[in-house]
Amino acid sequence: MLKYKALIIAVLLGMMIPYAYGDRREIKVDLQVTTGSQPSVRLSWDQQPGSAAEMQVTVYRRELGVKSGFWHGNVWDGSKARNFSEMTLFEELAVLPPSVTRYTDSDVVTGKHYEYRVHRPALASRKYEQAATYAAVSMDAPLEDQPGTILLVIDETLADEMDLELRLLELDLAGDGWGVTRLLTPPHNQGDHQVLYSRIQEASLADPDIKGLYLFGKVPVARSGFSAPDGHRDTAHETDLYYADLQGNWLDILRFSDADNNIKGDGKFDHTGLPRAVDLMVGRVDLSRLNAVQKSEVELLRDYIHKTHAWRNGDRQVPYRALLNSGHLFQEHSWARTLFGAGNVNAASFQPELNTEAYLWAMNFGHYSGSSREHYGDVNNRALFFLNFGSGKQKWHGRNNPMRMLLAQPDWGLAAGWGARPAWHMHQMAAGWPVGRSHKRTVNNAHNGGEFFPGGRYSHLESQVHINLMGDPTLRLHVSQPPRGPSVSRVAGLATLTWQAPSANEPIGYHIYRSDKAASGYQRLTESMLAADELQFVDGGAPEIGEVYYQIRAVHSNETRSGVYELASRAAYVWLADGANSYTSPVAPPPADHFATSEVPLPLDIPGADDASAMHVVILEHPENGLIRWEEGEPVYVSNPGFVGTDRMVYRLFDGVGQSEAATLEINVNRPETGLPQDEMM
């Protein structure tokens, strides 16, 4: 009865709109979400061709996160074919004639996230392909602040040199609600991927709450299958999905090619398609073998940790928009338009657009060579999340691989993937999902009933081993600022925490968490959220012996065009060392102006960050006209060739637990022949 009532309402409210027929390959959908006492979701789309007998648009809905246990090959139940709803648990809401171009769903409940599908069948007489667009919405959804444990797998050769950076990374992950377990491994070509897989299995058995893998550095590379998803030469592909399948039986018994050494027992697995759905989300940050960049691997990894910290901490302001320009990625374009809105998407190539303009998402058929100076080396690609389709890029371990080159930028490039073959489905990020969780859902599509169908023109490539994520899998599309200036003092067994409100985005309240470890084991102390004007919390149960760590997280009502949900900030940290009774966050003293000669390295004197203080410099924003090199962990500025003028760098001080407020350092760059600024010469 529901869908027939909906049909009548939709016909009355959504009669024919006089504009051109829609795209032959996709159905372009927009949405309007109303929350509050009378919540609703209005979906609208471009006009479709054909009569009601030829073509009908169907609207589906389910709660976000629901999934089927069917593999898409199990369409037959023994007597008849299962329909789409049976396979995917999407409920059919309305079947509408092509003259109707909108549908309003008022049967939604406050406190939930929903997922919609708008489907159009094929119309062969007019060469219209079957198409579907997906969207996620939030109806005043409550806080989800502790998503599970992330297993941080680290190349052991980095552990000592990057000790403070890795501690910052772990605190960032824990500050986003994750429990963090560290696992060290020998690097690729020294460590064995099958040994590492066994250790990941053991860790996951010991902690069933592990939900994801973050592979950092030259972690051993697994390869599998024999295929050419880019249409070129069949070969085995690098795959981190092997590590994410905790129960799969990955075989190595076939001979594919002597030329590729892809033979029985060579360590390259046989599977082109995944043996089963993967259990964990997984992302990799490997910035080795990038000699087209002027920095070393350790410098690039340090920059990556700093820029993900800046994003997670709410220090970066990036326009809420997407760059879309590739016919190959048309299926990804469909959810991006719905997520950002038609007015917030732009059709342009990466270059020159991204060299001056910033975007949250960017999708393109980018240049095939990461060694290209004009596409990757001498320009900025100013976006945070990328889909960068093109020949050979899915083989991500190659030297100067373009996807990894995008991650090697100082301030830009947090995550990247190779889309289109098959399409990636990342619309759930609108509801707060981390990029790795949406990537996992894309990877498992064939094993979840084919829930995202049609998925472009390459559905036969669904759930194959080459669908890998480059970047931190825990990163989210939406972030908010944490509390400022936290401190803690202990008197007579009572620990009193104080803080200041974030400088922007007024929160709706705060939650407090405590642990005896810096990056795991946090338990929420606030049963109900503290009010927005409560800037103090007294813990009567603070242990008298041992270290005590506290997190203070601001909770914001996150309003987007996809709805409203509660979003917790990255935590502000304070702690009490064993025997200590107070702690105050570090303060960054005002830096002096620096004077540099163009193209001549200048060590930066950061007040408070000397050897005696044990403070660490975390760069939030790199200079626009120069490069920060790292020498023995200390920043050194080198201007771009020929640059003369004023440059700037934004940074924080980090003491191993807490962080200072942001500080700005200015660098005056002079001409080499005089040592004087240009205006003084004149």
Side-chain angles (χ1 to χ4, degrees), residues 152 158-176 180 182 301-315 481-490 495-500 502-503 512-522 542 546-554 569-591 604-621 628 630 632-635 649-665:
L152 180 59
L158 302 170
D160 291 335
E161 187 173 1
M162 299 192 67
D163 178 59
L164 267 174
E165 287 85 7
L166 291 171
R167 184 174 176 87
L168 176 64
L169 172 58
E170 289 177 331
L171 290 176
D172 281 343
L173 294 168
D176 240 359
V180 183
R182 182 187 290 205
L301 291 172
R302 181 177 286 115
D303 287 348
Y304 186 84
I305 289 175
H306 288 190
K307 68 185 176 183
T308 54
H309 168 82
W311 174 246
R312 210 188 300 263
N313 208 64
D315 293 313
Q481 290 185 341
R484 296 179 298 120
S487 64
V488 60
S489 61
R490 177 164 48 192
T496 301
L497 287 70
T498 61
W499 61 91
Q500 299 173 31
S503 57
I512 312 299
Y513 308 76
R514 185 184 68 207
S515 177
D516 60 357
K517 295 181 287 292
S520 63
Y522 283 93
E547 297 179 340
V548 184
Y549 295 87
Y550 291 96
Q551 295 179 335
I552 310 164
R553 301 183 71 183
S569 72
R570 187 261 196 198
Y573 285 93
V574 293
W575 73 308
L576 292 170
D578 190 10
N581 288 316
S582 65
Y583 170 82
T584 301
S585 300
V587 175
L604 299 181
D605 179 17
I606 310 294
D610 52 39
D611 293 337
S613 71
M615 291 287 185
H616 179 63
V617 177
V618 179
I619 298 180
L620 308 179
E621 184 179 333
I628 297 295
W630 293 91
E632 298 182 354
E634 301 300 326
M649 181 185 82
V650 183
Y651 66 94
R652 294 184 188 276
L653 296 183
F654 170 60
D655 66 4
V657 176
Q659 59 182 7
S660 72
E661 292 298 300
T664 301
L665 183 149

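Numbering of residues begins at 1 and proceeds along the displayed sequence.
D315 is linked by a salt bridge (charged side-chain N to carboxylate O under 4.0 Å, His left out) to R652, counting only residues two or more places apart in sequence or in another chain. For R312, the salt bridge (charged side-chain N to carboxylate O under 4.0 Å, His left out) test picks out D176, D472, with sequence neighbours left out. Applying the ring pair (Phe, Tyr, Trp, His ring centres under 6.0 Å) rule to Y549 yields the partners W575; only residues at least two apart in sequence or on another chain are considered. In this view, H306 and H616, W630 satisfy the ring pair (Phe, Tyr, Trp, His ring centres under 6.0 Å) rule, not counting sequence neighbours. Remark: R484 engages no residue in a salt bridge (charged side-chain N to carboxylate O under 4.0 Å, His left out) (not counting sequence neighbours). Applying the salt bridge (charged side-chain N to carboxylate O under 4.0 Å, His left out) criterion to R167, with sequence neighbours excluded, gives no partner residue. In this view, P483 and W499, Y510, I552, A554, S569, A572 satisfy the side chain to side chain contact (heavy atoms under 4.5 Å, CB included) rule, not counting sequence neighbours. Among residues two or more places apart in sequence or in another chain, the side-chain hydrogen bond (donor to acceptor under 3.5 Å, both in side chains) test is passed with T584 by none. Residues meeting the side-chain hydrogen bond (donor to acceptor under 3.5 Å, both in side chains) test with S487, sequence neighbours left out: T498. For Q551, the side-chain hydrogen bond (donor to acceptor under 3.5 Å, both in side chains) test picks out Y573, with sequence neighbours left out. Annotation: side-chain hydrogen bond (donor to acceptor under 3.5 Å, both in side chains) contacts of Y522 (sequence neighbours excluded): none.
A side-chain contact (heavy atoms from CB on, under 4.5 Å) with V618 is found for one member of K307, R302, H309 and no other, namely H309.
Nearest heavy-atom pair across A588 and E661 is CB-O, 4.2 Å. Here the shortest heavy-atom pairing between N581 and L576 reads C-CD2, 3.6 Å.
Residues Y651 and P591 meet the side-chain proximity criterion, which asks for heavy atoms closer than 4.5 Å. Taking the side chain as every heavy atom from C-beta outward, L653 and P589 approach each other to under 4.5 Å. I606 is not listed as a side-chain neighbour of M615, based on a closest heavy-atom distance of 4.5 Å or more. Counting only heavy atoms from C-beta outward, the side chains of R182 and L166 approach each other to under 4.5 Å. Residues M649 and I628 have side chains in contact (heavy-atom distance under 4.5 Å, counting atoms from C-beta outward).
Here the straight-line distance linking atom CZ of R490 with atom OH of Y583 works out to 15.0 Å at 0.5 Å rounding. Between the OH atom in Y550 and the CG atom in L497 there is a gap of 6.0 Å [rounded to 0.5 Å]. Here the CG atom belonging to D163 is positioned 11.5 Å from the CG atom belonging to L158, to the nearest 0.5 angstrom. The distance from atom CG of L169 to atom CG of L164, rounded to the nearest 0.5 Å, is 12.5 Å. Interatomic distance, M162 CE to I305 CD1, rounded to the nearest 0.5 Å: 4.0 Å.
Residue pairs meeting the salt bridge (charged side-chain N to carboxylate O under 4.0 Å, His left out) criterion with at least one partner in residues 570-587, sequence neighbours excluded, are D172-R570.
Other residues, nucleotides and ligands contribute over 12 non-hydrogen atoms within 6.0 Å of the CD atom of Q500.
Side-chain N or O atoms of S585 include none that pairs as donor or acceptor with a backbone N or O of G485 at under 3.5 Å.
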